[in-house]
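Working notes for the structure below.
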Amino acid sequence: MKENNEASRRGFLKKLATTAAAATVGSNLIAAENIGSFHYLKQQYNRIGANDQVNIALIGAGGMGTSDTQTALQVPGVKLVAVCDLYDGRLADAKKKWGADIFTTKIYKEILNRKDVDAVIIATPDHWHQQISVDAMHAGKHVYCEKPMVHSVMEGPAVIKAQQETGKVFQVGSQGVSSLGNEKAKELLKSGAIGELNYAEGFWARRGAVEVWQYPIPDDASTQTVDWETYVSNTQKRPFDSKRFFRWRNYTDYGTGMAGDLFVHLFSSLHFITGSMGPNKIYASGGLRYWNDGREVPDVLLGTFDYAKAAAHPAFNLSLRCNFVDGTSGTTYLKLVGSEGSMDITWDSVTLKRNKTIDNTDPFYIEKMKAMGQTTSGRKMMLPPEQITYDAEKGYLGGPYDHMNNFINAIRTNGKVAEDAIFGYRAAAPALLCNDSYFKNAPMFWDPEKMKMIKA
């Protein structure tokens, strides 16, 4: 391992002397144009033919579903033909946004029965992801499913099986996975830019009401405008509760808390960059410190994860934190730390920092040390790290666009996506087990290769 890393490190240092670096990923080209200590990342996209139209339908027209659809419609040759949601107001809004001629319904199987639908975007609350994904693929539809792929660890195998049986394109919507930042970080890590990986971390700070899931509730919310019976039909039956419908992320019957909403993004990016299958030990702690609004999930969550040595990487540790009581500390999307440096990674940029040393054998330095009554130990001295920044060029369409474009292109070419069902499950599982650890107050053990729980 060390010999390979040393050769990789030398290769990286050699590359630093050049003025450009490029790596091909899927259908896109990522290049770094070197200007001093700044590099500009570029993305190029394939052109489409006149017969390459892809008709999509949206199932779950809330904030995330609307955003995903707007992104999909930016991809040339994509047309929205149908929308499904359980709330009348969203169906009315869909016609206003995308045209009175689109088909709308509260019954998702009516979408799956339509012959003019090639692919569906599933952006429902988490507790419906598995069932609709499986039904959609068996109905012959390609699927873009929002993260996390499933609501519980037990649901993952069914989605993987459906994708394998049907051969349909299935992409999980951790939008940053296909971004320029992730692609460049993957290249840099492989090149030995930070030496041998030993630690990674990520952090979010939020305080605004919408950011912490106190989503607005429409004035007309009622059983007349919301199909509540369908909403709770696959979970515990309860009387109508507008908070549980419109602020579903706060409740364990429907959402997956901070870990499922935010940690899963970092697992997805980390696994893409490192080639990892996931951690083998998960432990979480936290609490409900501020938002005492009836929610069932914490507003401060800390997760620690042990990654064992694998063919793709050395053993390392991951620390993830989320604080919904703090609006001042900003966000660290992902930091990777190695034996020779570190990388701060976002969807649009990578900042590489490398340790530098100075040789203590200079005669003048030795004499100065003697004059001061000190002797040299032969050790090298730490200097401030050198820093190189890779930024997306102006006009970059962003990670969400790249991820959706990856999905649409795979449909057109019968190609592969960045985040299929197996990848998506391996990213979702540690996030979901993080929740299990929090509620059980115990570590959780996972076999990331076999994708199975392990008894302690």
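- If you check the side chains of Y333 and D344, you find no donor sitting under 3.5 Å from an acceptor.
- Note that the CG atom of L302 and the CZ atom of F203 stand 9.5 Å from one another [nearest 0.5 Å].
- Checking Q131 against N234 by side-chain atom types alone, no donor-acceptor pair falls below 3.5 Å.
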Y307/T274 under side-chain contact (heavy atoms from CB on, under 4.5 Å): CA gap, chis, key distance, verdict: CA-CA 11 Å; Y307 282 72; T274 63; 6.0 Å; no

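- A donor and an acceptor atom, one from each side chain of D391 and Y396, are nowhere located under 3.5 Å apart.
- Side chains of S179 and D402: no donor on one and acceptor on the other come within 3.5 Å.
- Atom NZ of K243 is separated from atom CG of D293 by 6.0 Å, given to the nearest 0.5 angstrom.
- Panel note: side chain H129, backbone T124; a donor-acceptor pair is recorded below 3.5 Å.
- In terms of heavy-atom proximity, Y199 sits nearest to L197 at O-CD1, 3.5 Å.
- Within the 4.5 Å cutoff, the side chain of K168 has no heavy atoms near those of the K141 side chain.
- When every heavy atom of N198 is checked against every heavy atom of G338, the shortest pair comes out as ND2-C, 3.4 Å.
- Counted by atom type alone, E211 and W204 present zero donor-acceptor pairs between their side chains at under 3.5 Å.
- In summary, the side chains of E419 and S268 do present a donor paired with an acceptor at a separation below 3.5 Å, with no hydrogens or angles considered.
- Among residue pairs with one or both ends in residues 244-267, those qualifying as side chain to side chain donor-acceptor pair (under 3.5 Å) are D126-T256, K147-D261, W213-D261, Y215-R249, R238-D253, R244-Y254, R244-E296, R249-D261, N250-R295, T252-E296; sequence neighbours excluded.
- The closest side-chain donor-acceptor pair between Q175 and E146 falls under 3.5 angstrom.
- Two residues are said to be in side-chain contact when any heavy atoms from C-beta on lie closer than 4.5 Å; V325 and R206 fail this criterion.
- Put simply, the side chain of H151 gets close to the backbone of G255: a donor and an acceptor are under 3.5 Å apart.
- No donor-acceptor pair under 3.5 Å is formed between the side chain of N323 and the backbone N or O of A205.
- Side-chain contact check for T66 versus W98: some heavy-atom pair is nearer than 4.5 Å.
- Around CE of M154, the count of heavy atoms belonging to other residues, nucleotides or ligands within 6.0 Å does not exceed 12.
- Contact of the L336 side chain with the L270 side chain is registered, since non-hydrogen atoms from C-beta on lie closer than 4.5 Å.
- Contact check on E187 versus K184 returns a salt bridge, with a Lys/Arg side-chain nitrogen under 4.0 Å from an Asp/Glu carboxylate oxygen.
- Applying the side chain to side chain donor-acceptor pair (under 3.5 Å) test to pairs two or more places apart or on separate chains, none has a residue in residues 431-456.
- Of the residues listed (I121, I56, L58), the one engaging Y144 in a side-chain contact (heavy atoms from CB on, under 4.5 Å) is I121, and it is the only one.
- A donor-acceptor contact closer than 3.5 angstrom is absent between the side chains of T71 and D68.
- A donor-acceptor pair under 3.5 Å is formed between the side chain of N280 and the backbone N or O of A308.
- Residues V297 and M258 have side chains not in contact (no heavy-atom distance under 4.5 Å, counting atoms from C-beta outward).
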Kindly indicate, with the supporting measurements, whether the criterion side-chain contact (heavy atoms from CB on, under 4.5 Å) is fulfilled by L352 and R354. CA-CA 7 Å; L352 171 65; R354 289 182 53 80; 4.2 Å; yes

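- Looking at heavy atoms from C-beta onward, L188 lies out of side-chain contact with I194 at the 4.5 angstrom threshold.
- Here the NZ-OG1 distance, from K335 to T351, works out to 9.0 Å after rounding to the nearest 0.5 Å.
- Considering all non-hydrogen atoms of both residues, V134 and A158 come closest at CG2-O, 3.8 Å.
- For CG of N292, the number of neighbouring non-hydrogen atoms (other residues, nucleotides, ligands) closer than 6.0 Å is greater than 12.
- Formation of a donor-acceptor pair under 3.5 Å by the T225 side chain with backbone atoms of S222 is found in this model.
- Counted by atom type alone, D326 and Y290 present zero donor-acceptor pairs between their side chains at under 3.5 Å.
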Apply ring-ring contact (aromatic ring centres under 6.0 Å, His included) to residues Y231 and F245 and explain how you reach the verdict. CA-CA 8 Å; Y231 181 70; F245 185 84; 4.9 Å; yes

Evaluate the side-chain contact (heavy atoms from CB on, under 4.5 Å) criterion for residues F407 and V143: first the C-alpha distance (whole Å), next the side-chain angles of each, then the deciding distance (0.1 Å), finally the verdict. CA-CA 9 Å; F407 172 62; V143 174; 5.6 Å; no

Given Q171 and D420, is the side-chain hydrogen bond (donor to acceptor under 3.5 Å, both in side chains) satisfied, shown in steps? CA-CA 5 Å; Q171 174 96 303; D420 64 9; over 6 Å; no

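- For the residue pair Y87 and D85, the shortest heavy atom distance occurs at N-OD1, 2.9 Å.
- The number of heavy-atom neighbours closer than 6.0 Å to NZ of K96, taken from other residues, nucleotides and ligands shown, is 12 or below.
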After noting the C-alpha distance and the side-chain angles of W228 and D241, does the key distance pass the side-chain contact (heavy atoms from CB on, under 4.5 Å) rule? CA-CA 9 Å; W228 175 257; D241 186 334; 4.3 Å; yes

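- Residue S178 holds its OG atom at 7.0 Å from CD of E183, rounded to the nearest 0.5 Å.
- In plain terms, the two heavy atoms of A94 and I102 that are nearest each other are O-CD1, 3.7 Å.
- For the residue pair S276/H313, the side-chain donor-acceptor check at 3.5 Å is satisfied.
- Here the SG-CG distance, from C322 to L301, works out to 7.0 Å after rounding to the nearest 0.5 Å.
- Judged by distance alone, the side chain of R207 and the main-chain N or O of F324 form no donor-acceptor pair under 3.5 Å.
- Taking 4.5 Å as the limit, every side-chain heavy atom of E201 sits out of range of all side-chain heavy atoms of L320.
- Nearest heavy atom pair, residue I111 against residue A82, reads CD1-CB, 3.4 Å.
- Judged purely by distance below 3.5 Å, without hydrogens or angles, the side chains of S349 and T346 pair a donor atom with an acceptor atom.
- When side chains are defined from C-beta on, K281 does not count as touching M444, because their heavy atoms never get closer than 4.5 Å.
- In this structure, Q163 contributes its side chain and A421 its backbone to a donor-acceptor pair below 3.5 Å.
- With rounding to the nearest 0.5 angstrom, the CD1 atom of I411 is 5.0 Å from the NE2 atom of H142.
- Residue K95 qualifies as enclosed at atom NZ: its count of foreign heavy atoms under 6.0 Å is above 12.
- Using the six-membered ring where Trp is involved, F263 and F267 have ring planes that are perpendicular, over 60° apart on the 30 and 60° scheme.
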